[in-house]
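To start, the structure itself, in structure tokens.
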2 protein chains.
Amino acid sequence: MQASTASKQVTPTDELTRALGDLVRYLLVCTGRDTFRAIDDLGLSLTQIKAAQLLAEAEAPVSLGDIGEHLGLSLPAMSRAVDGLVKRGLVTREEDPADRRSKRIVITRRGRRLYERIYEIRAAGVRAFVDGLDPDHRDALLDGLRPIVRDLP
Amino acid sequence: MQASTASKQVTPTDELTRALGDLVRYLLVCTGRDTFRAIDDLGLSLTQIKAAQLLAEAEAPVSLGDIGEHLGLSLPAMSRAVDGLVKRGLVTREEDPADRRSKRIVITRRGRRLYERIYEIRAAGVRAFVDGLDPDHRDALLDGLRPIVRDLP
DNA sequence: TATTGTTATACTCTATAACTATA
DNA sequence: TATAGTTATAGAGTATAACAATA
């Protein structure tokens, strides 16, 4: 707990916070452009892509309300968004036999392919950034990142 | 260029791409929640916050068209967004003496304070993540990040 | 009576088109 | 005639309210 007359003390936490903030911001710009354009070209909304992502990664059946809760959106908004996905054959919507008020939303093979394509576009932006790194820097970053990413929830 | 019978070859580039992608995604979730809620509570749109950020970081005078171009939005959309910012006293909008068709948008002291508050909320999310790291991991990540962030555009 | 989802309606944000003022 | 910005209007996406079906 070092005291200092000025408030210029920069701790490792401060420095890392700033570094991570800058990096995330930069990567978002890199990867966002192409991704948003691709989604737009598909005629899908961001909400629909997020829903597809949730469904692609879900392990248990997912109801409409589940999706809305995860995405922080209202039930009507999800109903409409899923409606569009159903019409395009990207997901299916069926009554839950255990509770017929509820609907089970399941991604189709076509929906999964579409989601993976979007994922690849995003990854390509990150990859372009990584490819531009000095190999030594790249390896050092990987070393620093490996144990942290391993523990992400 | 090692050949392999399977396609399981994972290069450092692959691994780092994935690690960075995962980290960015995780940090976005952490920092996005509070930030979006704060913006919403202020009654401002995301566009208005982005405009404020651009203006807060701008070094030269900025026209309405400049903002729209940077943000990828139409002139009418920017006009409306800036209108709201002017009404709240967060920016000023004045004729450019050199070309009276053009307007110079300038952030006010109050606008700058507001932008910094939002920035702090976002940074707080990153900081919470950093605080949760094992100190050794934290320092290793900082070492890996330092030369890279230094060279960001 | 409570809950899941859908439909009706209003609001916000955006874009295109039409317009004004200046170059 | 071309350009910077504003105003008018339409479309997409969201939320609240009202509704239907099931628990």
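Below, read A as the first sequence line, B as the second, and so on, with proteins coming before strands; counting in each chain starts at 1. A quick note: this is a predicted structure, and the numbers were derived from the prediction, not measured.
- Residue Phe36(B) contributes atom CZ, which lies 13 Å from atom P of dT14(D) at whole-angstrom precision.
- Side-chain N/O atoms of Arg93(A) include none lying less than 4.0 angstrom from OP1 or OP2 on dT4(C).
- Taking 4.5 Å as the limit, every side-chain heavy atom of Pro61(B) sits out of range of all side-chain heavy atoms of Asp96(B).
- Glu94(B) places its CD atom 16 Å from the P atom of dT22(C), with the value rounded to the nearest Å.
- Rounded to the nearest 0.5 Å, atoms CD1 (Ile49(A)) and CG (Leu46(A)) are 7.5 Å apart.
- At whole-Å resolution of the value, CG in Leu75(B) and C1' in dC13(C) are 16 Å apart.
- Considering only heavy atoms from C-beta on, Leu73(A) comes within 4.5 Å of Thr47(A) through its side chain.
- No option in Arg146(A), Arg150(A), Arg138(A) other than Arg146(A) meets the salt bridge (charged side-chain N to carboxylate O under 4.0 Å, His left out) test with Glu15(B).
- Among the heavy atoms of the strands lying under 4.0 Å from Leu64(B) are primed sugar atoms or P, OP1, OP2 only; no base atom is included.
- For Pro76(B), taking side-chain heavy atoms from C-beta onward, the closest of the listed nucleotides dT14(C), dT16(C), dG5(D) is dT16(C).
- Positionally, the nearest nucleotide of DNA chain D for Lys103(B) lies more toward the 5' end than for the other of Lys103(B) and Ala98(A).
- Here dT6(D) presents its P atom at 7 Å from CG of Asp83(B), a figure rounded to the nearest Å.
- The CD-C1' distance, from Glu95(A) to dA21(D), rounds to 9 Å in whole Å.
- Side-chain N/O atoms of Thr47(B) include none lying less than 4.0 angstrom from OP1 or OP2 on dC13(C).
- The side chain of Arg101(A) approaches dA21(D) more closely than any other nucleotide in the set dA21(D), dT16(D), dG5(C).
- In summary, of the residues considered (Ile148(B), Asp143(B), Val149(B)), a side chain to side chain contact (heavy atoms under 4.5 Å, CB included) with Leu141(A) occurs for Ile148(B) alone.
- Listed pair Ser79(A) / dG5(C) fails the phosphate criterion, with no side-chain N or O lying under 4.0 Å from OP1 or OP2.
- One finds a side-chain N or O of Ser102(B) lying less than 4.0 angstrom from the OP1 or OP2 phosphate oxygen of dG5(D).
- Residue-level contact check: Asp99(B) touches the backbone only, with heavy atoms under 4.0 Å from sugar-phosphate atoms and none from bases.
- Atom CE of Met78(B) and atom P of dA15(C) are 10 Å apart (whole Å).
- A straight line from CG of Leu85(B) to C1' of dC13(C) spans 14 Å, rounded to a whole angstrom.
- For Ser74(B) and dA15(C), the shortest distance from a side-chain N or O to OP1 or OP2 is below 4.0 Å.
- As rounded to whole Å, 16 Å separates atom C1' of dT22(C) from atom CZ of Arg104(B).
- Residue Arg100(B) places at least one side-chain N or O closer than 4.0 Å to OP1 or OP2 of dT22(C).
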